[in-house]
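This report concerns only the one structure given below.
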Amino acid sequence: MEKDHSSATPALKLIGFGLLAFAITTLAGGIWSGLLIANLQSTPAVPWSVPAMAVLLWLAWSYLGGKGWPPSTSDARRHYLRANPNPARVYLWAWVAGGFAVIALAGLWIVLVQLVKMPPNIFSDMSAYPRVTVALMIVMGSLVAPWMEETGFRGYFQIALERLYRAPVAIVISSFVFALAHGPTQGFLWPKLFFYFLVGVTFGATAYLTDSILPAIPVHFVGLLIFFTLIWPRDAARPLIAVAGFDNWLWIHLAQAILFTVLALWAFQRLAGVSAQEARPGPDELLHSPLRPTQ
């Protein structure tokens, strides 16, 4: 019985962290949706929902990073947030690898949309609202998800997983749950789940290799901004392969997905090497290390 109880405890903790990651992202998205709707229905010329959400994001980030009550959990919250700074070279290679991955994922998404019939992501007609308001809301919408998803899934949840499993297993589990978390809003169709699983692997690997969620947040933000403005609005007009066959653009997007996947894998290898070099103690650190052998 004691053995069963001891083995069940880590599993329950992981379930708790997974539910916490889901709650963080769902709550943030729900609050932003509510603010956006209220803003558009009341005073669309004044985009007050954007600074309001920015304040809420800052408060959430501060608390999840160790600020506030209770002080007894501050160190744990700071650890699980995983907002560790990195040297410039690590950021650079994380952004290169992430950028290549985003381009590959964009090509893959377009191919999947034409391969399998799926309901497109429908966006409300915003033409009646001021352009500045719409632009600011798109930017904030592209920021809310990366900020909270990286915090919940690549921070809290993946760190809990890494304490029990090797990194590849932890990343796969985190990415699988991350994909399922998009089901209620995106649908539980295999192409979408597969796509979001690969998104999770991309940012999960970045978080593990850099031991930080900070490098992935800008890449995630830019990627979502690209999808919001350039890719998802055009999905409804993309012809299915079963109806229109293979056209030149489909082959181009397939080649895009393959080529930039190869480039992303190369860049992630470079990122792993640079991160390992930066983590290695330098001569001055070795000189003052308590493990340095005495003469």
What are the two closest non-hydrogen atoms of [X] and [Y], and how far apart are they?
X: T210; Y: V90; result: CG2-CG1, 3.5 Å
X: L225; Y: T229; result: O-OG1, 2.8 Å
X: A52; Y: L35; result: CB-CD1, 4.4 Å
X: G141; Y: L224; result: O-CD2, 4.0 Å
X: A272; Y: L209; result: CB-CD2, 3.9 Å
X: R238; Y: R234; result: CG-O, 3.3 Å

Quick one: side chains of residues 91-107, donor-acceptor pairs under 3.5 Å with protein atoms, not counting sequence neighbours, listed by atom name and distance.
{"from": "Y91", "atom 1": "OH", "to": "N86", "atom 2": "N", "distance (Å)": "3.4"}
{"from": "W95", "atom 1": "NE1", "to": "P215", "atom 2": "O", "distance (Å)": "3.1"}

Beyond-backbone contact of [X] with [Y], side-chain heavy atoms, under 4.5 angstrom:
X: L57; Y: M140; result: yes
X: L36; Y: M53; result: no
X: Y63; Y: L59; result: no
X: L115; Y: P191; result: no

- [ ] Would you please test Q186 and M118 for side-chain contact (heavy atoms from CB on, under 4.5 Å) and show each step?
- [x] CA-CA 10 Å; Q186 302 292 319; M118 297 183 289; over 6 Å; no
Side-chain donor/acceptor of [X] to backbone N/O of [Y], under 3.5 Å:
X: Y208; Y: R154; result: no
X: E162; Y: A167; result: no
X: S212; Y: N84; result: yes
X: S174; Y: A170; result: no

TODO: Quick one: name the residues clustered hydrophobically with V243, using the 4.5 Å side-chain heavy-atom rule over I, L, V, M, F, W, Y, and just say none if it's on its own.
DONE: L240
Open item on the list: Checking one residue: I15. Which other hydrophobic residues are in its cluster under the side-chain 4.5 Å linking rule?
Closed with: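 Members alongside I15: L19.
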Atom [atom1] in [X], atom [atom2] in [Y]: separation rounded to 0.5 Å?
X: L161; Y: K13; atom1: CG; atom2: NZ; value: 13.5 Å
X: T73; Y: H79; atom1: OG1; atom2: NE2; value: 13.5 Å
X: F17; Y: R163; atom1: CZ; atom2: CZ; value: 7.5 Å
X: L64; Y: L81; atom1: CG; atom2: CG; value: 6.5 Å
X: I37; Y: W32; atom1: CD1; atom2: CH2; value: 10.5 Å
X: S175; Y: Q158; atom1: OG; atom2: CD; value: 7.0 Å

Task: For S33, side-chain hydrogen bond (donor to acceptor under 3.5 Å, both in side chains) partners two or more places apart - done: none
Task: All side-chain hydrogen bond (donor to acceptor under 3.5 Å, both in side chains) counterparts of W48, not counting sequence neighbours - done: T43
Could you pull out all residues at least two apart from [X] that satisfy side chain to side chain contact (heavy atoms under 4.5 Å, CB included)?
X: T26; value: F22
X: Q269; value: none
X: S62; value: W58, K67
X: F194; value: L108, L112, W190, L198

Task: Derivation of the side-chain contact (heavy atoms from CB on, under 4.5 Å) call for F176 and I173 - done: CA-CA 5 Å; F176 179 73; I173 295 174; 5.7 Å; no
Task: Selection residues 244-264 - residue pairs positive for side chain to side chain donor-acceptor pair (under 3.5 Å), sequence neighbours left out - done: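 For residues 244-264, and leaving out neighbouring residues, there are no side chain to side chain donor-acceptor pair (under 3.5 Å) pairs at all.
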Co-membership, hydrophobic cluster, residues [X] and [Y], 4.5 Å side-chain:
X: I241; Y: I110; result: yes
X: L230; Y: V199; result: yes
X: L265; Y: F203; result: no
X: V139; Y: I231; result: yes
X: I252; Y: F227; result: no

- [ ] Check the pair V134 / M137 against side-chain contact (heavy atoms from CB on, under 4.5 Å), numbers first and verdict last.
- [x] CA-CA 5 Å; V134 173; M137 288 180 171; 5.8 Å; no
Open item on the list: Per the ring-ring contact (aromatic ring centres under 6.0 Å, His included) rule, what does the pair list look like for residues 134-166, sequence neighbours excluded?
Closed with: W61-W147, Y80-Y156, F153-F178
Open item on the list: Test: salt bridge (Lys or Arg N to Asp or Glu O under 4.0 Å). Region: residues 206-222. Which pairs qualify, not counting sequence neighbours?
Closed with: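 As it turns out, the salt bridge (Lys or Arg N to Asp or Glu O under 4.0 Å) pairs with a partner in residues 206-222, which skip direct neighbours, are R82-D211.
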Open item on the list: Run the side-chain contact (heavy atoms from CB on, under 4.5 Å) test on L250 and V111 for me, step by step, so that the C-alpha distance in whole Å, both residues' side-chain angles and the decisive distance to 0.1 Å come before the verdict.
Closed with: CA-CA 6 Å; L250 181 65; V111 171; 4.0 Å; yes
